[in-house]
Visitor: 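Have a look at this one.
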Amino acid sequence: MRVGFGVLGPVVAWDADGHAIALKGPRHRAVLARLIIARRRVVPVSRLVDDLWTEPPPAAVGAVRTFVAALRRALEPQRPPRTPARLLVTEGPGYALRADADAVDAWRFEQDVSVAATLPPDGALPRLEQALSRWRGPAYAEFADEDWARGERSRLAELRLHAVERQAEARLALGRAAEAVPDLEAHLAEHPWREGAWRALALALYRTGRQGDALAVLRRARTLLVEQLGVDPGPELRRLETDILGQAPHLDPATARGGAAAQVWAEAAAAYDRTVASGARTRLESTVGLLRDLSMTGGGGLRTARQQRVAAVAAAEELGDPELTARVIGSYDVPAIWTRLDDPEQAASIVAAAERTLAALAAGLGPPDDRAPAIEPPDHGAPGHGAPGHGAPADETPGLEAPGQGAPSHGATGHRAPGHEAPAHKTPGLEAPGQGAPSHGATGHRAPDHEATGHGVPRHEAPGHEGPAHEAPARDTLGHGAPERAVTGHELPSRRTSGYAAVGRGSSVPGGDPDAPDHSTRGHAPTGEAAPRHEAVRARLLATIAVESRGGRSERGPQAARQAEEIARRLDDPALLAFALNGVFMQTFDRTGLAPRRDATGAELIALSERHGLVTFEVLGHLIRLQARGALGDFASADRHAAAADRLGERHERPLVSVFTEWYRALRLAATGRAAEAEAAYRDAATRLDGTGMPGLAHGLLPLALLSLRVEQGRPAPTDADLDWGPYAPWARPLVMLAQDHRTEAAAALRTVPEPPRDLLLEALWCLTGRAAIAVGDRETMSRARAALAPAAAELAGAGSGLLTLGPVSRHLADLTDALR
């Protein structure tokens with residue numbers, strides 16, 4: 001039973017339904033409060049005795065044990081007799097309360113305030129309002145006179161005052177000054193020495209048109225400070241009074257939220273509204289640019305961007321202009337790092353629209369005023385159903401629970417839409433990818449082992465593993481000499497060969513889907529100056545299909561990725577190539593053991609982005625390499641990429657970046673055997689996912705991470721009834737049943753487990769399947785797991801996700817081999 005605790009007011013406990021739990025007398029509550037203050041650490045019995053009594057009676061130790069026993073009965077009423085307690089535990093010389101990180105209202109309050117500090121005002125305000133709503137009175141109210149509670153009470157009270165003032169600042173920043181006034185007045189009535197609150201109140205009054213009241217507040221503050229404390233107001237209060245008297249422009253709400261930048265935005269937006277007609281097609285393209293930037297804010301911004309993106313595409317299609325629709329679809333080139341879709345239906349709708357638009361472009365259908373009315377685009381299905389022959393991009397794994405809980409595009413935008421890219425940078429020696437895997441090498445120079453320097457591709461040799469080396473293409477300093485080789489080692493054809501001709505005609509790429517519609521431009525393709533632009537638009541549509549088809553099993557996704565990459569390389573378009581490489585990355589999960597290939601993609605993205613100022617794709621490259629180097633056990637390199645991503649995220653205001661790097665650091669603890677620290681770090685990292693707008697990443701991830709820790713330690717799976725496994729339930733269920741000693745049911749559940757989806761957790765889920773198969777003696781499943789995992793023998797299971805790990809794949813393979821003998 002999940003138990004919640006309240007200390008922001010009188011000390012209470014609640015059951016899973018929110019009903020109060022009877023805690024008996026004041027000393028029972030004192031023991032509970034003292035253990036909560038200890039934050040899951042052990043409190044010796046002797047310390048409890050000293051805290052509970054000024055002069056302890058002879059039987060004090062026995063009394064404490066009695067209090068603890070009564071609390072255990074109250075907190076875990078369904079625990080069978082003589083079984084160890086799971087919540088209030090005995091450990092060493094005393095007791096500890098092993099409450100979850102979100103089980104105590106004070107802990108949740110602190111987390112809310114901490115997260116709010118990292119968010120912009122529109123994200124911080126609801127978080128702060130939620131935090132302050134948790135207070136029911138003074139913290140640890142009935143223990144105000146106890147020495148052991150005094151420090152914690154003071155700390156929480158100070159944090160609450162800070163939250164009230166931060167809430168007022170957020171309201172002011174959002175233009176809601178009138179809402180800030182009542183709370184600030186009440187706040188200052190109890191705490192008149194807080195100069196920041198006086199300043200906020202005066203500013204709020206000024207912005208609501210009450211200039212006289214604002215000046216009166218500042219003079220009242222001066223009187224209190226001078227007469228009662230003997231100090232003058234600080235420089236900020238004095239400066240504010242001068243500014244109000246002079247009606248300084250920067251105090252105006254229109255500019256206060258961002259200074260000169262906000263003023264520029266307001267004036268430009270107003271001019272746009274006046275100048276560009278409401279029904280103008282250019283508004284759609286401008287809107288997509290805004291949505292692309294909005295998606296980088298996380299939270300509500302990301303959710304809104306995804307929703308409005310679909311609406312913008314539908315609006316473009318209604319106008320009947322395929323080129324406009326192509327630009328609207330292709331301009332939303334938001335980098336994606338997570339390989340599960342948040343909304344499969346939405347992704348299917350985008351893919352279907354992209355396929356229809358490709359078909360219309362191939363048929364030569366232009367804007368409504370210049371095309372023959374008899375020509376109609378082929379029907380590729382209604383939005384949301386996907387184009388025939390391509391398969392839906394949604395997760396196609398049968399039996400997968402909560403299929404909508406995948407991950408969105410994560411990253412930050414910042415590069416240009418089609419037609420506005422920087423001039424192409426000609427790099428000697430860059431050749432077309434051949435018939436095998438695409439070439440992911442940044443050209444012109446050779447990079448040192450392991451790390452991209454901005455000039456090349458690293459060598460992909462994981463320390464401590466016996467994996468093949470994946471070397472950068474060999475060339476001399478002028479790009480001449482030996483022919484280039486892709487990551488797979490196959491020779492690449494020269495640009496003088498006809499390797500691109502088939503793509504230009506829209507023919508199938510070798511290895512692609514032979515039944516995919518021929519969205520060629522044969523007979524209709526533009527010539528002259530329009531040809532590169534037309535091909536760039538096609539490539540963006542293909543890259544969109546590749547990104548939005550991630551996790552599926554259709555060949556259309558990989559085919560689209562290859563075609564987009566080849567066109568981008570031929571056009572020598574850096575921004576387009578970066579987007580295409582994102583699609584390549586998303587389609588590099590058709591089997592296990594492909595971390596080296598993804599590492600090469602990440603290395604090229606970093607080098608390409610550094611040269612051409614594509615900040616968001618530079619972040620993506622570092623996150624991809626963080627994942628890949630982690631999978632290869634090279635944590636020194638992964639640490640450097642995490643630090644580089646954090647620096648870019650902070651400098652360019654990309655709050656979602658730190659969500660991924662914080663999870664990586666929890667993984668890092670797990671991979672180095674620090675299980676207790678890793679568990680705490682995972683729980684903290686999970687709280688960062690709330691409100692980020694990435695339900696696909698959040699749903700079920702924390703239980704899966706905790707399960708991975710237990711499997712790595714050889715411990716049974718957690719069996720808490722309230723754990724929400726999300727989309728990972730099929731793979732967790734057999735292990736949970738085994739932990740409950742339900743072997744027959746576990747074997748039956750294992751027989752229904754589907755193959756893992758093709759994503760970043762492919763190796764991890766196969767390892768879970770293999771562990772369960774060993775436990776129940778399912779030889780057929782053991783053989784399947786061993787065959788699936790064999791290509792990843794040199795990797796750490798799950799670490800390629802950047803989130804969790806189950807240790808070396810080689811160890812799981814050895815266990816499977818032993819069990820099959």
Visitor: Would you call Glu712 and Arg811 a salt bridge, taking side-chain N to carboxylate O under 4.0 Å as the test?
Guide: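 Yes, Glu712 and Arg811 are salt-bridged.
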Visitor: Taking Asp100 for the side chain and Asp102 for the main chain, is one N or O donor matched with an acceptor at less than 3.5 Å?
Guide: no
Visitor: Taking C-beta and beyond as the side chain, do Val711 and Ser708 meet within less than 4.5 Å on heavy atoms?
Guide: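 The answer is no; the side chains never approach within 4.5 Å.
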Visitor: Taking the side chain as C-beta and beyond, is there a heavy-atom pair between Glu679 and Arg674 under 4.5 Å?
Guide: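 Side chain of Glu679 against side chain of Arg674, heavy atoms only: no contact under 4.5 Å found.
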Visitor: Measuring from atom CG of Leu577 to atom CD1 of Ile567, what distance do you get when rounded to the nearest 0.5 angstrom?
Guide: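 Reported value, rounded in 0.5 Å steps: 12.0 Å.
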Visitor: Judged by atom type as modelled, is there a donor-acceptor pair below 3.5 Å linking the side chain of Glu76 to the main-chain atoms of Leu87?
Guide: yes
Visitor: Should Leu594 and Phe589 count as side-chain neighbours, where that means a heavy-atom distance under 4.5 Å?
Guide: no
Visitor: Show the numbers, then the answer: is there a side chain to side chain contact (heavy atoms under 4.5 Å, CB included) between Arg786 and Met782?
Guide: CA-CA 6 Å; Arg786 185 174 65 172; Met782 281 188 267; over 6 Å; no
Visitor: Side chains of Phe617 and Ile606: does their closest heavy-atom pair fall under 4.5 Å?
Guide: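 Sidechains of Ile606 and Phe617: no contact.
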Visitor: With sequence neighbours excluded, what pairs up with Trp766 under the ring-ring contact (aromatic ring centres under 6.0 Å, His included) test?
Guide: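 By the ring-ring contact (aromatic ring centres under 6.0 Å, His included) rule, Trp766 matches no residue at all.
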Visitor: Please lay out, stage by stage, how Arg683 and Glu677 fare under the test salt bridge (Lys or Arg N to Asp or Glu O under 4.0 Å).
Guide: CA-CA 10 Å; Arg683 293 184 185 279; Glu677 294 175 71; over 6 Å; no
Visitor: Determine, stepwise, if the pair Asp684 / Arg665 fulfils salt bridge (Lys or Arg N to Asp or Glu O under 4.0 Å).
Guide: CA-CA 11 Å; Asp684 288 343; Arg665 291 183 176 97; over 6 Å; no
Visitor: What's the spacing between Ser549 OG and Glu555 CD if we round to 0.5 Å?
Guide: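 Taking OG in Ser549 and CD in Glu555, the distance rounds to 11.5 Å.
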Visitor: Would you check if the side chain of Gln627 reaches a backbone N or O of Ala799 as a donor-acceptor pair within less than 3.5 Å?
Guide: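 Side chain of Gln627 to backbone of Ala799: no pair is present.
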Visitor: How long is the gap from CD1 on Ile337 to CG on Leu760, to the nearest 0.5 Å?
Guide: 7.0 Å
Visitor: Does the Ser349 side chain pair with the main chain of Glu345, one donor and one acceptor, at a distance under 3.5 Å?
Guide: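 No, Ser349 side chain to Glu345 backbone: no donor-acceptor pair under 3.5 Å.
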Visitor: Looking only at heavy atoms, which two atoms of Ala642 and Leu626 are closest? And how far apart?
Guide: CB-CD1, 3.5 Å
Visitor: Could you tell me whether a side-chain N or O of Thr83 sits under 3.5 Å from a main-chain N or O of Arg79, the two making a donor and an acceptor?
Guide: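 Side chain of Thr83 to backbone of Arg79: no pair is present.
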Visitor: What closest approach, in Å, do Val334 and Asn582 show between heavy atoms, and which atom pair accounts for it?
Guide: O-OD1, 4.0 Å
Visitor: Rounded to the nearest 0.5 Å, how far does OG1 of Thr339 lie from CZ of Arg598?
Guide: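 That separation rounds to 8.5 Å.
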Visitor: Is a side-chain donor or acceptor of Tyr682 paired with a backbone partner of Leu701 at a separation under 3.5 angstrom?
Guide: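 A pair under 3.5 Å: no.
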Visitor: Any salt bridge between Glu763 and Arg758, counting N to O under 4.0 Å?
Guide: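 Between Arg758 and Glu763 there is no salt bridge, as every charged N stays at least 4.0 Å from the carboxylate O atoms.
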Visitor: Compare every heavy atom of Ala670 with every heavy atom of Ala678, then report the nearest pair and how far apart it is.
Guide: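 Closest heavy-atom pair between Ala678 and Ala670: CB-N, 3.6 Å.
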Visitor: May I have the step-by-step check of side chain to side chain contact (heavy atoms under 4.5 Å, CB included) for Leu632 and Glu795, ending in yes or no?
Guide: CA-CA 5 Å; Leu632 297 171; Glu795 296 185 13; 4.1 Å; yes
Visitor: Under the 3.5 angstrom rule, does the side chain of Thr805 hit a backbone N or O of Ala797 as a donor-acceptor pair?
Guide: yes
Visitor: Taking Gln346 for its side chain and Arg306 for its backbone only, find out whether a donor-acceptor pair lies under 3.5 Å.
Guide: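 Indeed, once roles are kept as given, a pair shorter than 3.5 Å links the two residues.
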Visitor: Could you check Leu761, Leu702, Leu709 and say which one makes a side-chain contact (heavy atoms from CB on, under 4.5 Å) with Leu804?
Guide: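 Testing each of Leu761, Leu702, Leu709 against Leu804, the sole residue satisfying side-chain contact (heavy atoms from CB on, under 4.5 Å) is Leu761.
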Visitor: Could you walk me through whether Arg688 and Ser658 pass the side chain to side chain donor-acceptor pair (under 3.5 Å) check?
Guide: CA-CA 9 Å; Arg688 291 287 310 278; Ser658 62; 2.7 Å; yes
Visitor: Verify the distance criterion only: is there a donor paired with an acceptor across the side chains of Arg710 and Gln713 at less than 3.5 Å?
Guide: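 The criterion, which ignores hydrogens and geometry beyond distance, is not satisfied for Gln713 and Arg710.
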Visitor: Are any of the side-chain heavy atoms of Phe635 and Arg668 separated by less than 4.5 Å?
Guide: yes
Visitor: The test is side chain to side chain contact (heavy atoms under 4.5 Å, CB included); show your working for Gln587 and Val547 and say whether it passes.
Guide: CA-CA 8 Å; Gln587 296 298 330; Val547 170; over 6 Å; no
Visitor: Please determine whether a side-chain nitrogen of the Lys or Arg among Arg562 and Glu566 lies less than 4.0 Å from a carboxylate oxygen of the Asp or Glu.
Guide: no
Visitor: Between CG of Asp646 and OG1 of Thr661, what distance do you get to the nearest 0.5 Å?
Guide: 3.5 Å
Visitor: Where do Leu341 and Ala347 come nearest, in terms of heavy atoms and distance?
Guide: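 Residues Leu341 and Ala347, closest heavy atoms: CD2-CB, 3.7 Å.
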Visitor: Measuring from atom CZ of Phe585 to atom OG1 of Thr601, what distance do you get when rounded to the nearest 0.5 angstrom?
Guide: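 Result: 8.5 Å between the selected atoms.
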Visitor: How far apart are the C-alpha atoms of Glu780 and Arg751, what are their side-chain angles, what is the distance that settles it, and do they pass the side chain to side chain contact (heavy atoms under 4.5 Å, CB included) test?
Guide: CA-CA 10 Å; Glu780 179 184 351; Arg751 288 193 291 273; over 6 Å; no
Visitor: Considering only heavy atoms from C-beta outward, does the side chain of Pro756 approach that of Trp731 to under 4.5 Å?
Guide: yes
Visitor: Is there a donor-acceptor pair closer than 3.5 Å between any side-chain N or O of Thr592 and the backbone N or O of Ala788?
Guide: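 Yes: the side chain of Thr592 pairs with the backbone of Ala788.
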Visitor: Is the shortest distance from a Lys or Arg side-chain nitrogen in Asp720 or Arg86 to a carboxylate oxygen in the other one below 4.0 Å?
Guide: yes
Visitor: Would you check if Leu623 and His641 make a side-chain contact, meaning some heavy-atom pair closer than 4.5 Å?
Guide: no
Visitor: Which pair of heavy atoms, one from Ser783 and one from Leu820, lies closest together, and at what distance?
Guide: OG-CD2, 3.8 Å
Visitor: Out of the candidates Asp599, Asp639, Asp634, only one should pair with Arg625 under the salt bridge (charged side-chain N to carboxylate O under 4.0 Å, His left out) rule; please name it.
Guide: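 The salt bridge (charged side-chain N to carboxylate O under 4.0 Å, His left out) with Arg625 is passed solely by Asp599 among Asp599, Asp639, Asp634.
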Visitor: Can you tell me if His622 uses its side chain to pair, donor with acceptor, with the backbone of Arg640 under 3.5 Å?
Guide: no
Visitor: With a 4.5 Å cut-off on side-chain heavy atoms, are Val351 and Thr544 touching?
Guide: no
Visitor: So, for Pro703 and Trp725, which heavy atoms are closest and what is the spacing to 0.1 Å?
Guide: O-CZ3, 3.3 Å
Visitor: Identify all side-chain donor-acceptor contacts of residues 734-745 below 3.5 Å with residues at least two apart in sequence or on another chain.
Guide:
{"unit_1": "Arg743", "atom_1": "NH1", "unit_2": "Ala775", "atom_2": "O", "d": "2.5"}
{"unit_1": "Arg743", "atom_1": "NH2", "unit_2": "Ala775", "atom_2": "O", "d": "3.2"}
{"unit_1": "Arg743", "atom_1": "NH2", "unit_2": "Val776", "atom_2": "O", "d": "3.4"}

